[in-house]
Amino acid sequence: MFDLYNNLYKLGLMKASDIQDIVTYLPTFGLTPLDYEKITGQAWPKEQETT
């Protein structure tokens, strides 16, 4: 699954926020926060405050 999402991100068919949602809400896909960082090149987002 890592390769699939890596390629989709590189092709511009997925945004970083989409991958973050998959890591957070779909653990059966097997992606981790470290995979997010490898795919996007960005650090895993810290919790955002909603005010």
Side-chain angles (χ1 to χ4, degrees):
M1 291 304 268
F2 173 83
D3 293 331
L4 172 69
Y5 291 115
N6 190 27
N7 290 332
L8 290 173
Y9 181 78
K10 286 180 181 178
L11 291 171
L13 299 175
M14 292 191 85
K15 299 181 286 186
S17 61
D18 296 333
I19 296 173
Q20 180 185 0
D21 290 342
I22 290 168
V23 171
T24 304
Y25 301 114
L26 299 171
T28 57
F29 285 13
L31 293 179
T32 66
L34 289 176
D35 291 330
Y36 171 89
E37 292 177 1
K38 288 179 189 175
I39 292 170
T40 64
Q42 304 171 15
W44 180 253
K46 299 196 184 318
E47 293 296 321
Q48 299 176 1
E49 295 182 26
T50 54
T51 56

key: Residues which pass side chain to side chain donor-acceptor pair (under 3.5 Å) with E37, listed by chain and number, not counting sequence neighbours   =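 With sequence neighbours excluded, E37 shows a side chain to side chain donor-acceptor pair (under 3.5 Å) to no residue whatsoever.
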remark   = With sequence neighbours left out, the residues meeting side chain to side chain donor-acceptor pair (under 3.5 Å) with T32 are D35
inquiry  = Once ring pair (Phe, Tyr, Trp, His ring centres under 6.0 Å) is applied, what residue pairs with a partner in residues 17-40 remain, sequence neighbours excluded?
reply    = Y36-W44
request  = Give a yes or no on whether the backbone of D3 and the side-chain of N7 come within a donor-acceptor separation of less than 3.5 Å.
outcome  = yes
query = Do D18 side-chain atoms and K15 backbone N/O form a donor-acceptor pair below 3.5 Å?
reply =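 Answer holds: yes.
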ask   = Would you say I39 and L34 are hydrophobically clustered, going by side-chain heavy atoms of ILVMFWY under 4.5 Å?
value = no
ask   = For L8, what residues pass the side chain to side chain contact (heavy atoms under 4.5 Å, CB included) criterion, not counting sequence neighbours?
value =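 L4, Y5, L13, M14.
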key: Between OG1 on residue T24 and CD1 on residue I22, distance to nearest 0.5 Å   = 10.0 Å
request  = Output the distance between atom CG (L31) and atom CG (D21), rounded to the nearest 0.5 Å.
outcome  = 12.0 Å
